[in-house]
Amino acid sequence: MGDSVHVPAPAPRVHLTRLPGERVRVGTAGGEHDPDVVEDVDLAELPGLVAERETAHGEGPDGGPRWVWDDTARWYPALLAAGVRVARCHDLRLCRRVLSRAPAVDQSLLRGEDAELWDGLAPAQPSEPVLFSAAAASEHLDAAVEDARQLGAVAASPDAARLALLLAAESASALVAAEMTHAGVPWRVDVHEALLTERLGPRPPRGARPRLLAECAEEVRALLGSPGLNPDSRPDLLAALRRAGVDVADTRAWTIRRIEHPVAEPLLRYKKLSHLFTTNGWAWIDEWVSGGRFRPVYQPAGSATGRWSSNGGGALSFPVQVRSAAVADEGWLLVVADVAQLEPRVLAGMSGDLGLARAARGADLYQGMVDAGAVASRQDAKLGLLGAMYGATSGESGRMVAGLTRRYPQAFGLVEEAARAGERGQVVRTLLGRGCPALGGSWDESPDAPPDDLDAQDRHRRAYGRFTRNFVVQGTAAEWASCWLADLRNRLWRLGDGDAPLEGRPHLVFFLHDEVVVHAPAHLADAVVAEVEAAAVAAGTLVFREHPVDFPLNVSVVRSYAEAGKPGGTES
DNA sequence: CAGATCCGCGCC
DNA sequence: AGGGCGCGGATCTG
């Protein structure tokens with residue numbers, strides 16, 4: 001815990017890491033609580049959920065302490081609201097989750113006082129008033145005790161260095177997530193609403209369809225001869241289609257696209273408009289955009305593979321259609337960067353496949369495979385690699401896998417071995433040591449376990465094998481991305497003016513698996529581009545130390561997100 | 001009637 | 001016989 005050194009009342013902006021024992025102002029911002037309520041908190045009196053530890057040499061760029069707390073999402077939003085930026089932290093909940101599944105960790109070292117309470121911690125809710133909830137839990141939990149346990153478990157592991165890197169990257173990701181929600185994506189509601197009005201018509205009263213969507217529904221009804229049909233009802237739509245002589249098995253767009261009937265066009269148009277209206281329409285604006293910012297809620301490592309998920313705002317799935325509303329502030333620009341073919345590159349690095357690493361040297365890995373004579377076309381290369389990583393067993397993709405296995409034995413052998421391990425019921429791990437959920441555990445709770453029939457059990461095993469096959473690559477890609485984010489975060493901070501708050505400097509506003517968006521003052525945009533690229537190089541070195549692989553970026557400097565070019569397409 | 005589940009769609 | 005997610009509406013279930 002921090003020493004109790006009391007100093008005068010804080011400035012509005014306080015660098016928490018420099019203030020052991022100092023008083024900071026912590027707002028109970030968020031939710032229905034008054035965001036202006038600010039309390040004085042003596043750091044020495046913070047609940048046991050928060051501790052402080054000296055940072056080891058070489059652990060960070062600036063030295064200084066590392067804040068250790070139960071959950072970044074519990075503390076950091078309020079600190080950010082009070083103008084406090086935390087340089088580094090250790091998120092005990094996230095890290096315990098990693099360690100408790102890591103095959104290279106002696107699980108007995110994680111047991112002890114209150115250990116099961118730490119296991120049971122749910123992610124903090126963003127609207128939870130920070131001080132109340134913490135006070136209740138702190139009677140039981142002691143961050144310093146849990147921290148010591150985790151440090152001990154890491155130190156005793158044969159994979160200590162990689163695990164330490166993973167935990168640091170994971171914790172930094174948690175800081176990034178909170179900072180991105182705090183800053184938000186600059187969002188032009190007027191642009192978004194104009195787009196909605198153009199495609200859907202004026203905003204309808206609650207419960208009604210907008211005019212153009214309603215007209216589209218009417219066209220569908222007329223063409224099917226089914227007045228009163230609700231196109232949103234799958235059973236009704238299916239029945240109406242059959243009455244009209246269209247024999248289809250389901251109502252998916254992909255299926256409708258292949259039928260020959262005049263209703264296909266308006267029906268597909270209906271589906272598209274309906275999705276825009278329900279997913280990213282006016283209601284979405286009301287709920288997720290405030291103060292000219294889109295503020296989704298991220299869950300770092302929210303998925304089993306370590307990828308982020310998002311439980312608010314649909315941050316990880318908002319369509320290209322509305323990205324034109326993400327517009328930089330006046331005098332600012334957006335730097336949009338994504339990695340072309342992240343997962344194949346990660347596979348090359350983690351497997352040490354020199355042939356695939358050679359193909360990865362250019363901006364286009366698939367073209368690199370063509371140039372090396374491994375495949376006839378880009379398309380074949382893509383099919384083969386995606387097939388190998390997803391477990392395709394048939395069709396063109398399956399055939400490509402067979403041929404490429406001979407050409408790239410290490411890379412294709414690695415995913416194949418991961419699949420076989422899964423089929424045997426074994427867990428697998430990422431390069432930095434994250435373990436996958438066990439076969440009987442959270443991967444699939446459904447009680448298919450009793451040997452219903454041998455066939456079902458076999459299918460179950462193979463599904464798990466496909467999961468473990470993909471896990472090793474997707475999970476390691478997530479680790480690379482976390483390192484990229486963590487390093488970029490520090491670089492952006494150093495780029496800003498010494499006294500400027502987070503939002504006054506170049507800062508991350510969006511992250512989506514292999515893509516970042518930085519909001520930056522126009523005069524710093526070029527410098528940001530350089531830092532984004534440098535961070536990608538640094539991440540590659542950190543994660544794939546012994547087998548370097550290139551991670552070239554597609555970078556755009558734009559006013560609107562919609563202008564960002566994506567030469568890499570949708571692969572990986 | 002609330003809550004769980006399914007479907008279809010979007011993103012990677 | 002293709003991996004990971006979230007979301008909204010319709011439908012099913014207790």
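Labels below follow one simple rule: chain letters A, B, ... track the order of the sequence lines, proteins then strands, and each chain is numbered from 1.
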K.L.:
Considering residues at least two apart in sequence or located in another chain, which fulfil the side chain to side chain donor-acceptor pair (under 3.5 Å) criterion with A:Thr476?
P.N.:
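Listed in chain order: nothing, the list is empty.
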K.L.:
If the cut-off is 4.0 Å, is A:Lys271 near the phosphate of B:dC9, judged by side-chain N/O to OP1 or OP2?
P.N.:
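Result: yes.
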K.L.:
Determine the minimum heavy-atom distance between A:Glu533 and A:Val555, stating which atoms define it.
P.N.:
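Distance-wise, the nearest heavy atoms are OE2-CG2, 3.8 Å.
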K.L.:
Can you list everything that forms a salt bridge (charged side-chain N to carboxylate O under 4.0 Å, His left out) with A:Arg466? Sequence neighbours excluded, please.
P.N.:
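Partners of A:Arg466 under the salt bridge (charged side-chain N to carboxylate O under 4.0 Å, His left out) test: none.
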K.L.:
Might you work through the side-chain hydrogen bond (donor to acceptor under 3.5 Å, both in side chains) test for A:Ser309 and A:Ser303, ending with a clear yes or no?
P.N.:
CA-CA 6 Å; A:Ser309 61; A:Ser303 78; over 6 Å; no
K.L.:
Examine A:Arg323 relative to A:Tyr561 and say whether NZ or CZ is less than 6.0 Å from the centre of the six-membered ring and inside a 45° cone about the ring axis.
P.N.:
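Yes.
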K.L.:
How would you list, by chain and number, every residue that makes a ring pair (Phe, Tyr, Trp, His ring centres under 6.0 Å) with A:Phe544, sequence neighbours excluded?
P.N.:
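With neighbours one apart ignored, the set is A:Phe551.
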K.L.:
Nearest whole Å is fine: how far is B:dG8 P from A:Asn230 CG?
P.N.:
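Rounded to whole Å, this separation is 14 Å.
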K.L.:
Rounded to whole Å, please give me the gap between CZ in A:Phe277 and P in B:dC9.
P.N.:
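For the pair A:Phe277 CZ and B:dC9 P, the rounded distance is 18 Å.
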K.L.:
Atom OH of A:Tyr390 and atom P of B:dC12: how far apart are they, to the nearest Å?
P.N.:
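That distance rounds to 11 Å.
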K.L.:
Walk along DNA chain C from 5' to 3' and tell me the first and last nucleotide with an atom closer than 4.0 Å to a non-hydrogen atom of chain A.
P.N.:
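Listing 5' to 3', DNA chain C meets chain A from C:dG2 to C:dT11.
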K.L.:
So for atom CZ, which belongs to A:Arg462, do other residues, nucleotides or ligands contribute more than 12 heavy atoms lying within a distance under 6.0 Å?
P.N.:
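No.
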K.L.:
Check nucleotides 5-7 of chain B against the protein and report each pair of N or O atoms closer than 3.5 Å, with its distance, or say if there are none.
P.N.:
| unit_1 | atom_1 | unit_2 | atom_2 | d |
| --- | --- | --- | --- | --- |
| B:dC7 | O4' | A:Arg234 | NH2 | 3.3 |
| B:dC7 | O3' | A:Arg234 | NE | 3.2 |

K.L.:
Quick one: A:Asp514 CG to B:dC11 P, roughly how many Å, whole number?
P.N.:
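Distance, rounded to whole Å: 13 Å.
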K.L.:
State which residues pass ring pair (Phe, Tyr, Trp, His ring centres under 6.0 Å) with A:Trp308; sequence neighbours excluded, sorted by chain then number.
P.N.:
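So A:Trp308 forms a ring pair (Phe, Tyr, Trp, His ring centres under 6.0 Å) with A:Tyr298, A:Phe511.
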K.L.:
Mind calculating the distance between CG (A:Asn280) and P (B:dC11) to the nearest angstrom?
P.N.:
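Rounded to whole Å, this separation is 10 Å.
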